[in-house]
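Only one structure is covered here, and it is reproduced in the block below.
Atom set for the values below is all heavy atoms of this structure, side chains included, hydrogens, waters and symmetry mates excluded. Counting starts at 1 for both ligands and their atoms, in listed order.
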Amino acid sequence: MLCDENLALKILQEGNTVILPTDTVYGLAADGTSDLAVAKIYKEKGRPSFNPLIMHIHDLESVKNNITVCEVSYKLMETFWFQKSAPLSIVVPVLENHNFSKLALAGLDTVAIRRPNHPIFLKILQGFGKALAAPSANVSNTISSTTADMANLGFSNQIPVVDGGPAKVGIESTIVRVVENNIVILRYGAVTAEDLQFFGKVIDGTKQHLLAPGMLKRHYAPKSKLLLNVTEKQQHNNMLLLGFGKILDADLNLSPSADLLEAASHLFEFLDRLDKKSPKVIGVSPIPMHGLGIAINDRLQRAASQE
Ligand code: TXA
Ligand code: MG
C-alpha cells in the first residue's frame with residue numbers, strides 16, 4: 001500500500017516500519033534508537049540472523065554524541081555525502097553511551113552510517129530528528145527492490161511504501177571502515193576503490209585473508225561464558241539466568257509472555273546488562289526455533305561458541 005511522506009513520518013514516530021526510497025535501493029525503515037521498532041524490521045524481513053543494520057542520517061550534528069569520527073572518515077563524509085551525493089556507508093566506533101538500538105548494531109561497538117541521497121528520505125529524516133535503521137526492502141533471499149512496486153509486491157502489500165520513483169543507483173551502498181588511515185572496503189557498490197584511493201590506501205576487506213587480525217569481522221560475544229538451553233539456574237556456578245517465558249528465578253527475562261518480537265528487542269541489551277555484572281556463566285532459557293526465534297538462536301550460538 002502506498003503512503004505519503006507525512007503519514008510515513010507519523011508511522012515511524014509510532015515505532016512502526018515503512019518502506020522509503022533511497023538513491024541505491026528501497027529501504028525498510030524504522031526508528032534506529034528503538035529496539036522494538038528494529039525488531040519489527042528483522043521480523044518482517046524474515047532473516048535467519050541478526051546482521052547489523054545501516055543507520056541513515058541527515059547530518060552529523062544529529063549523531064555527534066553517539067559516534068567518534070576520525071579525520072579520514074570525516075573527509076570521506078564531506079566528499080561523498082555532501083559534495084558528490086554518492087552512496088557510501090562508513091563504519092565508525094560508537095561512544096559508550098550511544099542511543100542507537102543495540103539490536104540494530106547486533107551488539108557491536110561500531111555502527112555503519114550513511115546519508116541517503118534522496119529528497120524524500122532526507123526530508124523524513126529531518127522531521128524525525130534521529131537516525132533511521134534501514135536494510136534493503138526485500139524479504140530475506142530475494143532481490144533488493146528498486147521501485148515502489150517491487151517493494152510493495154515483495155511484502156505482499158503489508159507495509160506502507162513511499163513512492164520516490166525508480167532508485168537511481170540500483171545496488172546497495174559501498175561500505176568502508178577506516179583502520180589506521182587505511183580504507184577497508186567491506187562491501188562493493190557504486191563508490192569504487194578508484195574513487196576512494198585519494199583519501200588513503202584502499203584494502204579489500206571482502207577477502208578476509210588480506211586483513212590483519214584486528215580488522216576481521218567480529219561477532220558480539222559476552223565476557224562471561226554463555227550456556228544455552230538452561231532450564232534451571234545453577235547456584236554453585238555463579239550463574240545469572242536470562243529467561244524466556246514463565247521462568248521464576250531469571251535475573252532478567254527476554255519476554256515473560258514468551259513473545260519472540262519482545263525477546264529479540266531485548267536480546268543484546270539484556271545480555272550486556274548481565275555481562276556487566278561479571279558472572280562466571282550466563283545461562284539462557286531455551287528459545288523456540290520458529291519466526292524470530294531462529295535469528296535469536298543463531299546469535300546466541302555464535303556468542304556461546306566465541307568464534
Ligand atoms: O544502499 C544501502 O546501503 C541500503 C539502503 C536501503 O540504504 N541498505 C542496506 O542495508 O543495504 P542492509 O541492512 O541490507 O546491509 C547492511 C550491511 C550488512 O550486510 C552488514 O554486514 C553491514 O552493512 N554492516 C552494518 N553495520 C556494520 C558494522 N558495524 N560493521 C561492519 N559491517 C556492518
Ligand atoms: Mg540486503
Side-chain angles (χ1 to χ4, degrees), residues 17-30 32 38 41-42 44-58 63 66-69 73 80-81 85-95 98 100-118 120-122 124-125 131-148 150-151 154-155 159 161-162 164 167-179 183-191 205-206 208 211 214-220 268 295 299 302:
T17 58
V18 64
I19 296 172
L20 301 179
T22 86
D23 45 342
T24 57
V25 297
Y26 275 69
L28 175 59
V38 167
I41 292 181
Y42 287 110
E44 283 155 2
K45 277 195 72 94
R47 261 186 191 167
S49 63
F50 296 128
N51 278 339
L53 304 177
I54 296 171
M55 290 293 170
H56 295 67
I57 60 168
H58 179 275
V63 284
N66 292 307
I67 55 172
T68 49
V69 180
S73 295
F80 292 96
W81 293 359
S85 298
L88 184 67
S89 297
I90 305 177
V91 175
V92 293
V94 288
L95 295 171
H98 70 83
F100 295 125
S101 149
K102 288 201 172 120
L103 177 62
L105 271 47
L108 297 176
D109 51 12
T110 56
V111 62
I113 51 174
R114 96 174 189 96
R115 185 177 198 269
N117 178 34
H118 194 290
I120 293 178
F121 204 136
L122 287 174
I124 290 174
L125 274 170
L132 287 169
S136 51
N138 53 280
V139 256
S140 198
N141 292 323
T142 62
I143 57 164
S144 302
S145 307
T146 52
T147 64
M150 280 174 81
F155 289 93
I159 304 169
V161 184
V162 181
K168 282 201 201 91
V169 181
I171 53 167
E172 284 89 344
S173 61
T174 303
I175 304 178
V176 298
R177 176 169 182 184
V178 177
V179 182
I183 302 166
V184 182
I185 299 185
L186 301 173
R187 179 173 77 183
Y188 283 96
V191 173
T206 63
Q208 299 253 323
L211 295 182
M215 294 187 201
L216 290 176
K217 223 192 226 171
R218 276 187 308 148
H219 291 299
Y220 169 79
F268 291 100
R299 265 305 133 163
R302 284 172 203 257

Do the side-chain N and O atoms of Ser49 and Arg302 include a donor-acceptor pair separated by under 3.5 angstrom?
no
Does the side chain of Ser89 pick up a donor-acceptor pair with the side chain of Ser173 at under 3.5 Å?
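Distance-only check passes for Ser89 and Ser173.
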Geometric N/O contact [X] with ligand 1, under 3.5 angstrom:
X	value
Thr22	no
Arg114	yes
Tyr26	no

Could you state the interatomic distance from CG (Leu125) to CD1 (Ile120), rounded to the nearest 0.5 Å?
12.5 Å
Looking at CZ of Phe100 and CE of Met55, how far apart are the two atoms once the value is rounded to the nearest 0.5 Å?
6.0 Å
Contact check, side chains of [X] and [Y], non-hydrogen atoms, under 4.5 Å:
X	Y	value
Leu132	Phe121	yes
Phe80	Thr174	no
Leu28	Ile19	yes

Provide the protein N, O or S atoms situated under 2.8 Å from the Mg ion (ligand 2); waters are not included.
Ser136 OG
Does some non-hydrogen atom of Ser136 fall short of 4.0 Å from ligand 1?
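Heavy atoms of Ser136 do come under 4.0 Å of ligand 1.
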Look at the side chain of [X] and the backbone N and O of [Y], then say whether any donor-acceptor pair between them is shorter than 3.5 Å.
X	Y	value
Arg114	His56	no
Ser136	Asn138	no
Thr22	Pro116	no

Residue portion contacting ligand 1 (non-hydrogen atoms closer than 4.0 Å) for [X]:
X	result
Thr110	both
Arg47	side chain
Ile175	side chain
His56	side chain

For Ile54, atoms of ligand 1 separated by under 4.0 Å from a heavy atom
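Ligand 1 atoms under the 4.0 Å threshold to Ile54: 3 (O), 9 (C), 10 (O), 16 (C), 23 (O).
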In ligand 1, the atoms that come under 4.0 Å of a heavy atom of Ser173 are 1 (O), 2 (C), 3 (O)
Among Ser89, Ala134, Gly27, which one has a heavy atom closest to atom 8 (N) of ligand 1?
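Nearest option to atom 8 (N) of ligand 1, by heavy atoms: Ala134.
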Determine whether Ile54 and Ile175 satisfy the following criterion, side chain to side chain contact (heavy atoms under 4.5 Å, CB included), listing intermediate values before the conclusion.
CA-CA 9 Å; Ile54 296 171; Ile175 304 178; 4.1 Å; yes
